[in-house]
Amino acid sequence: MHDVVPAPDRVRATDGRILRVECSGDPCGRPVFLLHGMPGSRVGPRPRPMFLYQRGIRLISYDRPGYGGSDRRPGRRVADVVEDVLQVADALGLNRFVVAGRSGGAPHALACAALLPRRVTRAAALVGLAPRDAEGLDWFEGMAPGNVREFRTAATDPERFVARLIPRSAAIREDPARLLDELRGDLTDEDRQIVSDRGIRAMLLRNYREALRKSPYGWVDDILALIADWGFDPADIQVPVLLWHGRKDAFSPVAHHSWLAGRIARATAVLDPGAAHFAALRALPEAIAWLLSDTPAAPGAHTVRGSRSR
């Protein structure tokens, strides 16, 4: 058992930046870092408090630099998440923990698994992307046109990309429902149903508003980091990893999931044939249960590469 340190809502990094932190669930429970999506924040979608308490889970979320209440870190790479997670973990007195990341948070969870093998015991990456330079992968195949346009512009003309995203972010901050309206044409019927659920919609809108409350630069820096060198190779991951994906996902195409599954030695790869991107919100509780299970088994759906970690 670890000693429970009272949870601060702000942690100062060694370089002076402030990281805004939120803990929920059982304060004496097993620690789980939840890395939010893009754009996202520490108040993003999470399992219900009763689920966390009943299973003895202490859920820890924080705003990545530039989002919500966290100071920006210009030029950050995906691998730089490791320093911030360590700062928060040390501030909370945590030695060993597990990490889950959804969507834009998934590559950051993989970074923790790769670069913190003595602290991270397991990781889960839900509906995540593969590295932009992934060998043998057509990165844009099957991706929604809006995402293709955004990522390509960021790669070829970053100044234009930033100039476009700043007013878009301001409009979404004023009316977060605009983002869901923008995405609606690329959503499957199931995803439309999920984001229309009153509770989930309220969480998403609160999340987007908080993410962009101070600036658009968390979102800007996330996208620039995802298309650049991540700073680690997923093949270096030695801890067990759950990869969860929906076959119909147009924001993170299923080929990215397959590429990661073939690259990570101890991956349990789960592919839900009827699901798309936002179905990961419903899969998250089972993914967290997998992270904390002593004998992990894939949570439901169709396992495409092994039913247990090797």
Side-chain angles (χ1 to χ4, degrees), residues 2 23-26 29-37 44-61 85 89 94 96-114 116-130 194 234 237-247 249 252 254 256-310:
H2 56 273
C23 297
S24 55
D26 183 352
R30 297 175 68 183
V32 178
F33 273 83
L34 177 59
L35 307 183
H36 61 72
R46 66 190 65 184
R48 296 179 185 276
M50 186 59 69
F51 171 89
L52 300 173
Y53 274 104
Q54 286 178 341
R55 288 160 179 79
I57 296 168
R58 186 185 194 189
L59 196 71
I60 303 141
S61 303
V85 167
L94 305 176
R96 306 270 278 173
F97 47 89
V98 298
V99 180
R102 183 184 63 82
S103 191
H108 294 85
L110 295 178
C112 293
L116 292 175
R118 296 185 179 180
R119 303 287 292 269
V120 173
T121 56
R122 289 181 187 156
L126 290 75
V127 295
L129 293 166
I194 291 170
I237 297 173
Q238 297 301 315
V239 301
V241 172
L242 173 67
L243 299 171
W244 189 97
H245 219 90
R247 185 181 291 279
D249 195 333
S252 302
V254 68
H256 291 239
H257 168 81
S258 301
W259 188 92
L260 289 167
R263 192 82 176 171
I264 300 172
R266 302 182 68 188
T268 294
V270 177
L271 184 62
D272 188 324
H277 197 72
F278 283 92
L281 298 176
R282 292 180 173 168
L284 184 58
E286 290 185 81
I288 292 174
W290 181 93
L291 286 171
L292 297 176
S293 171
D294 290 331
T295 53
H302 174 58
T303 304
V304 296
R305 182 172 180 263
S307 60
R308 63 184 63 195
S309 298
R310 295 183 297 285

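Below, each value reflects all heavy atoms present in this structure, side chains not excepted, and no hydrogens, waters or symmetry copies. Residues take their numbers from the sequence shown, with the count starting at 1.
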**Message:** If I take atom CG from residue Leu284 and atom CH2 from residue Trp290, how far apart are they, to the nearest 0.5 angstrom?
**Reply:** 13.5 Å
**Message:** Donor-acceptor check, side chain of Arg266 to backbone of Gln238, threshold 3.5 angstrom: yes or no?
**Reply:** yes
**Asked** Which atom pair, heavy atoms only, marks the closest approach of Val85 to Phe97?
**Response** CG1-CE1, 3.8 Å
**Asked** Between His257 and Leu271, is a side chain to side chain contact (heavy atoms under 4.5 Å, CB included) present by the stated rule, with each step listed?
**Response** CA-CA 8 Å; His257 168 81; Leu271 184 62; 4.2 Å; yes
**Prompt:** Nearest heavy-atom pair of Leu34 and Pro45: which atoms, and what distance?
**Reply:** CD2-O, 3.8 Å
**Message:** Given Val120, which partner from the list Val99, Val98, Leu291 fulfils the side chain to side chain contact (heavy atoms under 4.5 Å, CB included) test?
**Reply:** Val99
**Asked** Would a distance-only check, ignoring hydrogens and angles, find a side-chain to backbone donor-acceptor pair under 3.5 Å from His256 to Leu129?
**Response** no
**Request:** Output the distance between atom CD (Glu286) and atom CG (Leu242), rounded to the nearest 0.5 Å.
**Result:** 10.0 Å
**Message:** Under the rule for salt bridge (Lys or Arg N to Asp or Glu O under 4.0 Å), what residues qualify as partners of Arg55, not counting sequence neighbours?
**Reply:** none
**Asked** Just by modelled atom types, is the Leu292 backbone N or O under 3.5 Å from a matching donor or acceptor in the Arg30 side chain?
**Response** yes
**Asked** Where is the tightest heavy-atom contact between Ala124 and Ala287, given as atom of each residue plus distance?
**Response** CB-CB, 4.4 Å
**Request:** Over all heavy atoms of both residues, which pair between Phe51 and Ile57 is shortest? Give the atoms and the distance, please.
**Result:** CE2-CD1, 3.8 Å
**Prompt:** If we ignore angles and hydrogens, is there a donor and acceptor under 3.5 Å between the side chains of His245 and Ser252?
**Reply:** no
**Asked** Does the side chain of Pro240 reach to within under 4.5 Å of the side chain of Thr268, using non-hydrogen atoms?
**Response** no
**Between CG on residue Asp272 and CH2 on residue Trp244, distance to nearest 0.5 Å** = 5.0 Å
**Item:** Test item: Arg102 side-chain N/O and Ala125 main-chain N/O as donor-acceptor pair under 3.5 Å
**Value:** no
**Item:** Straight-line distance of Leu35 CG to Leu126 CG, nearest 0.5 Å
**Value:** 11.5 Å
**Message:** With side chain to side chain contact (heavy atoms under 4.5 Å, CB included) as the criterion, how do His277 and Ser103 come out once you've worked through the C-alpha distance, each side chain's angles and the decisive distance to 0.1 Å?
**Reply:** CA-CA 8 Å; His277 197 72; Ser103 191; 2.9 Å; yes
**Item:** Smallest separation among heavy atoms of Pro234 and Ile264, with atom names
**Value:** O-CG1, 3.6 Å
**Prompt:** Can you name the closest pair of heavy atoms from Leu94 and Arg119 and give their distance?
**Reply:** O-NH2, 2.7 Å
